[in-house]
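Here is the structure we will look at.
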Protein chains: 2
Amino acid sequence: MATGRSHRPATRSRGIPEATVARLPLYLRALTALSERSVPTVSSEELAAAAGVNSAKLRKDFSYLGSYGTRGVGYDVEYLVYQISRELGLTQDWPVVIVGIGNLGAALANYGGFASRGFRVAALLDADTALAGKLVAGLPVRHIDELETIVADSQVSIGVIATPAGAAQEVTDRLVAAGVTSILNFAPTVLSVPDGVDVRKVDLSIELQILAFHEQRKAGDEDRQEPDGDVPAVMPA
Amino acid sequence: MATGRSHRPATRSRGIPEATVARLPLYLRALTALSERSVPTVSSEELAAAAGVNSAKLRKDFSYLGSYGTRGVGYDVEYLVYQISRELGLTQDWPVVIVGIGNLGAALANYGGFASRGFRVAALLDADTALAGKLVAGLPVRHIDELETIVADSQVSIGVIATPAGAAQEVTDRLVAAGVTSILNFAPTVLSVPDGVDVRKVDLSIELQILAFHEQRKAGDEDRQEPDGDVPAVMPA
DNA sequence: TAGATTGTTAATCGATTAACAATC
DNA sequence: TAGATTGTTAATCGATTAACAATC
């Protein structure tokens with residue numbers, strides 16, 4: 001979660017809360033849909049509904065970006081799309097490499113939402129020499145040994161890891177050494193990285209376990225009269 | 001996020017914080033690794049390091065589960081594995097259906113972490129009749145029209161959506177109508193569900209955008225002298 | 001007993017939300 | 001002007017963290 005040094009000039013008080021940053025893409029998606037339907041303006045209430053949050057939260061979030069709305073009217077859709085895109089850094093091009101072109105890596109390479117938002121797949125890398133040259137999503141798979149060259153040549157700063165867990169740390173180390181400073185990790189491992197490198201993790205198994213927890217509670221509430229709270233099968237009463 | 005009614009008997013004060021629930025799978029994974037190496041006990045400090053959190057947080061988290069440690073000694077690995085598994089509901093079997101067997105759906109079907117934690121793929125479903133019968137991860141793809149029967153027959157309460165965004169809401173409605181009460185959504189859409197149904201969302205595009213935001217800030221700190229803060233290309237100076 | 005480490009307290013921090021004055 | 005809706009305040013809630021007494 002290190003965000004680098006924070007010696008911001010008081011341009012206009014920086015520091016957008018993480019929770020807000022995480023919701024900006026949600027707003028952007030809803031706004032893009034409105035834009036495609038040529039809707040000119042939208043109220044916080046409507047937009048919040050489309051994004052699945054409450055409107056007070058949305059207005060608070062937007063207040064960190066500036067005053068981009070008009071009281072009594074709402075927000076100009078196009079203008080807000082631009083402002084949020086700019087704030088998120090999507091007005092520039094972000095070359096990414098995907099490492100590990102198994103089922104998941106291929107799925108990611110084919111994912112449409114990539115290109116549409118300033119992200120460009122600079123290369124697909126895999127350790128399996130048998131894969132080299134094979135086309136996935138129109139791009140040739142290249143060997144992992146080309147990692148350093150590609151990251152340097154294409155100025156890649158974002159890496160996506162879709163390797164097995166066992167390979168993830170080594171790949172991370174190589175990416176970081178080559179100059180990558182943001183990593184999206186799909187491998188089920190905790191990665192260690194130096195300060196200044198951001199890691200985000202996507203973990204199917206964790207999400208399912210969280211669902212199971214809540215699911216179990218629902219079952220406990222209804223079926224049986226609660227499968228016995230805290231006391232495990234170890235103790236007498 | 002609805003967790004159903006909460007008329008808990010004061011068994012021993014329920015209500016594990018969401019943030020804690022979300023970390024239990026992390027601890028469990030670290031503990032499982034220790035268990036495989038036959039490590040008998042572990043301190044909060046060691047386990048926290050392995051899970052990538054700080055030890056105060058870990059001890060606080062565990063305190064919600066009960067007093068499963070021994071002062072001066074640490075935690076018994078096997079016992080803790082069992083307690084956390086039980087708390088998460090992983091001591092029972094959870095049949096899940098995966099809907100949408102494209103690249104991503106296939107990747108999910110092949111994902112090993114599934115079976116290892118009480119999750120069992122009850123069926124793979126797709127709307128494409130051409131896919132029907134094809135084996136993916138050893139299971140035949142079945143037509144989406146079998147959804148209702150399968151959910152009922154296999155007592156499926158968890159559904160995984162890996163369809164295109166356009167199909168996700170309809171699939172959700174059918175899953176919910178058929179009795180599914182937990183949904184893991186990989187489609188980039190906000191789903192609406194009735195109370196009592198939990199939805200968790202995994203969104204590649206959102207994760208990348210969050211990384212881009214931080215990446216942009218790093219670049220702004222070092223390269224240029226900050227790409228001009230708030231004032232867009234619209235205004236003069 | 002001395003050393004180690006848990007479980008809990010209390011302080012702090014960050015996020016959410018309702019309410020409403022400002023203002024289009 | 002009257003109605004609508006933003007932007008902001010302030011209260012509340014939940015999560016994090018350091019510190020340490022309890023206790024093995």
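So that the names make sense, note that chain A is the first sequence line, chain B the second, and so on, each numbered from 1. In what follows, every heavy atom counts, from backbone to side chain, and hydrogens, waters and symmetry copies are set aside.
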Sidechain-backbone polar pair: E46(A) side chain, S43(A) backbone, donor-acceptor under 3.5 Å: yes
Nearest listed nucleotide, side chain of K60(A), among dC24(D), dA18(D), dT17(C): dT17(C)
Minimum-distance nucleotide to P17(B) side chain [options: dG7(C), dC24(C), dA15(D)]: dA15(D)
Atom-to-atom span, CD of Q83(A) to P of dG7(D) - whole angstrom: 12 Å
Given dT17(C), dA18(D), dA15(C), the nucleotide with the shortest approach to the side chain of K57(A): dT17(C)
Residue met sooner reading DNA chain C from 5', once V73(A) and D61(A) are mapped to nucleotides: D61(A)
Side-chain N,O (S44(A)) to OP1/OP2 (dT6(D)) below 4.0 Å: yes
Nearest listed nucleotide, side chain of Y75(B), among dA10(C), dT16(C), dT6(C): dT6(C)
Rounded distance (Å) that lies between atom C1' of dT6(D) and atom CD of E46(A): 14 Å
Gap between atoms OH and P, on Y79(B) and dT6(C) respectively (whole Å): 16 Å
Under-4.0 Å side-chain N/O to phosphate OP1/OP2 contact, R59(A) with dA22(C): no
Separation of dT6(D) P from L65(A) CG (nearest whole Å): 14 Å
Among dT17(C), dT6(C), dA18(D), the one nearest N54(A) by side-chain distance: dT17(C)
Value in whole Å for how far the P atom of dA18(D) lies from CD of E45(B): 11 Å
Partner nucleotide of dT23(C) by Watson-Crick or wobble geometry (both distances under 3.5 Å): dA4(D)
Nearest-Å distance for atom pair CG/C1', residues L58(B) and dA15(D): 15 Å
is_close_aromatic(Y68(B), F62(B)), centroid dist under 6.0 Å: no
G-U wobble or Watson-Crick pairing nucleotide for dT12(C) (cut-off 3.5 Å, both distances): dA15(D)
d(CZ, F62(B); C1', dT6(C)) in whole Å: 12 Å
Exam field: side chain K201(A) to backbone F186(A), donor-acceptor pair closer than 3.5 Å: no
Nucleotide nearest R71(B) (side chain, heavy atoms from C-beta), chosen from dG7(D), dT17(C), dC24(D): dC24(D)
Sugar-phosphate, base or nothing in reach of A56(B), heavy atoms under 4.0 Å: base
Which atom of D76(A) lies closest to which atom of T41(A), heavy atoms considered: CA-CG2, 4.2 Å
Out of dT8(D), dC24(D), dT16(D), whichever nucleotide has its closest atom nearest the side chain of S63(A): dT8(D)
From CA spacing to verdict: side-chain hydrogen bond (donor to acceptor under 3.5 Å, both in side chains), S44(B), R59(B): CA-CA 7 Å; S44(B) 61; R59(B) 289 198 300 279; 3.0 Å; yes
Interatomic distance where CZ belongs to R23(A) and C1' belongs to dA15(C) [whole Å]: 8 Å
Side-chain donor-acceptor pair present, S35(B), E78(B), cut-off under 3.5 Å: yes
